[in-house]
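To keep things clear, I will list the structure first and then write my remarks on it.
Lettering of chains follows the sequences in order, A, B, ..., and the numbering in each one begins at 1. Computed from a prediction, not measured in an experiment: that's the story for all the values here.
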There are 2 protein chains.
Amino acid sequence: MQDHVKIFEDYLKKHNLKLTRPRHVILAAVFANHSHFDVDALYDQIHQKYTDVSRATIYRTMPLLIEAGLIKRSLRSQARDHYEHIFGHKHHLHLICNKCGSIIEAESAAVETLLQNLAKRYNFTITECNIGARGLCEKCRE
Amino acid sequence: MQDHVKIFEDYLKKHNLKLTRPRHVILAAVFANHSHFDVDALYDQIHQKYTDVSRATIYRTMPLLIEAGLIKRSLRSQARDHYEHIFGHKHHLHLICNKCGSIIEAESAAVETLLQNLAKRYNFTITECNIGARGLCEKCRE
DNA sequence: TAGTAAATGAGAATCATTCTCAAAGTTTTC
DNA sequence: GAAAACTTTGAGAATGATTCTCATTTACTA
Ligand SMILES: [Mn+2]
Ligand SMILES: [Mn+2]
Ligand SMILES: [Zn+2]
Ligand SMILES: [Zn+2]
């Protein structure tokens with residue numbers, strides 16, 4: 001059973017952090033759907049069932065989930081941080097439409113390989129790629 | 001004489017915006033050095049000679065310079081927007097060291113081409129690429 | 001040079017995020 | 001299973017980058 005719950009719990013134990021109810025609730029909410037999210041949306045979602053989990057705790061938990069390798073900070077739209085979970089998902093890149101705001105997720109393996117090779121030339125060790133582009137989607141082009 | 005000043009002035013005229021002193025001062029400061037900058041650093045730099053140019057005007061001018069194709073919003077470090085000018089510079093990508101914070105600028109043409117081809121498959125028209133990676137630089141790896 | 005519309009500076013407002021601290025929870029030890 | 005030792009939590013205050021407001025100034029037009 002090597003699921004996200006186990007990974008998080010292992011991470012917490014390894015770092016002498018406690019396995020608390022809010023942390024489990026937040027983790028579950030993060031993996032309850034598979035799209036990008038921001039803290040505000042997450043708070044709304046959680047708050048329907050668990051009125052006692054505070055924004056502060058959500059903000060405090062994001063770095064833990066990142067450190068555990070379960071989510072990444074993926075985009076920033078109008079001054080708000082966005083996250084997406086990465087555990088259970090392939091690496092991908094984002095094509096963001098400037099008009100309608102829709103996000104296409106595309107396979108990134110080839111681009112990442114090229115990027116890795118490039119980094120090698122600078123003796124740079126990549127731990128996290130961030131690849132994306134803005135433009136116009138099919139529908140918005142006409 | 002197709003320099004950045006001319007480009008900016010043409011942009012302003014074309015959009016019925018006025019060629020003001022603060023806008024010229026800000027443009028000059030942006031191109032006075034060739035590194036990344038944030039509004040705060042820019043303000044400090046400008047404020048030494050031109051004490052009457054306000055932060056508000058600098059913030060208001062950034063989108064104009066972006067629209068004119070002279071700068072781009074390039075990175076965000078700890079909640080602060082960073083910019084770099086792009087006129088007169090080749091496209092490049094950023095390798096950011098997580099330890100020392102240094103930024104390596106690397107040639108991005110090959111990666112961008114690949115990204116363009118990928119986008120084509122989704123009928124997506126790219127106007128702006130954003131490619132980068134985090135990790136450890138040569139010095140910080142030991 | 002006057003008339004008109006846009007731009008500016010100063011500081012207030014906004015708003016996402018971080019911080020503070022007293023109260024509550026978790027783990028360890030007996 | 002209860003107390004000690006330590007961590008986490010919620011609530012709301014604080015912070016800090018960015019945006020807004022509005023009275024005043026400036027740039028352009030004729
Ligand atoms: Mn995604
Ligand atoms: Mn750069
Ligand atoms: Zn679109
Ligand atoms: Zn380094």
* Would you say a side-chain N or O of B:Y59 is under 4.0 Å from OP1 or OP2 of D:dT18? -> yes
* side-chain contact (heavy atoms from CB on, under 4.5 Å), paired with A:I71, selected from A:L65, A:L27, A:T61 -> A:L65
* Asked: Aromatic ring centroids of B:H94 and B:H36 under 6.0 Å?
  -> yes
Could you pull out all donor-acceptor pairs under 3.5 Å where a side-chain atom in residues 96-104 of chain A meets a protein atom, sequence neighbours excluded?
from	atom 1	to	atom 2	distance (Å)
A:N98	OD1	A:R134	NH1	3.0

* Asked: D:dC6 P sits how many Å from A:K13 NZ, rounded?
  -> 22 Å
* To do: Using atom CD1 of B:I58 as one end and atom P of D:dT18 as the other, report the distance to the nearest whole Å.
  => 12 Å
* Asked: Which one, D:dT19, C:dA10, D:dT9, comes nearest to the side chain of A:R23?
  -> D:dT9
* Asked: Which comes earlier along DNA chain C counting from the 5' end, the contact point of B:T57 or that of B:A79, where each point is its nearest nucleotide?
  -> B:T57
* **Taking every non-hydrogen atom, the tightest pair across A:F124 and B:C137** => CD1-CA, 3.7 Å
* Name the orientation class of the two ring planes belonging to A:H47 and A:Y43 (parallel below 30°, tilted from 30 to 60°, perpendicular beyond 60°). => parallel
* Asked: C:dT27 C1' sits how many Å from A:H15 NE2, rounded?
  -> 18 Å
* Asked: A:L12 has an atom CG; how far is it from atom P of C:dT26, in whole Å?
  -> 13 Å
* Minimal non-hydrogen separation, B:E107 against A:L118, with atom names -> O-CD2, 3.3 Å
* Asked: D:dA17 P sits how many Å from B:F37 CZ, rounded?
  -> 16 Å
* Asked: What is the per-nucleotide protein-contact pattern of nucleotides 22-30 of chain D, from the 5' end, where B denotes a base atom under 4.0 Å from a protein heavy atom, S denotes such proximity for sugar-phosphate atoms only, and - denotes neither?
  -> -----BS--
* **Test side-chain hydrogen bond (donor to acceptor under 3.5 Å, both in side chains) applied to A:H89 and A:H92, A:H91, A:H85, the passing residue** => A:H85
* Determine the contact category for B:D38: base if any of its heavy atoms lies under 4.0 Å from a base atom, sugar-phosphate if only primed atoms, P, OP1 or OP2 are that close, otherwise nothing. => nothing
* To do: Please list, by residue number, the residues of residues 44-53 of chain A whose heavy atoms come closer than 4.0 Å to an atom of DNA chain C; answer none if no residue qualifies.
  => none
* To do: To the nearest Å, give me how far apart NE2 (A:H24) and P (C:dT26) are.
  => 10 Å
* Asked: According to the interplanar angle, ranging from 0 to 90°, do the rings of A:F31 and A:H4 count as parallel (below 30°), tilted (30 to 60°) or perpendicular (above 60°)?
  -> parallel
* Taking atom P of C:dT17 as reference, at what distance in whole Å does atom CZ of A:R80 sit? -> 8 Å
* N/O (side chain, B:S54) to phosphate O (OP1/OP2, C:dT8) under 4.0 Å -> no
* To do: For A:L42 and C:dA16, give me the distance from atom CG to atom C1', rounded to whole Å.
  => 15 Å
* Closest non-hydrogen atom pair, B:L64 against B:L17 -> CD2-CD1, 4.0 Å
* Asked: Counting any heavy atom closer than 4.0 Å, what does B:D81 reach on the DNA or RNA strands: base, sugar-phosphate only, or nothing?
  -> sugar-phosphate
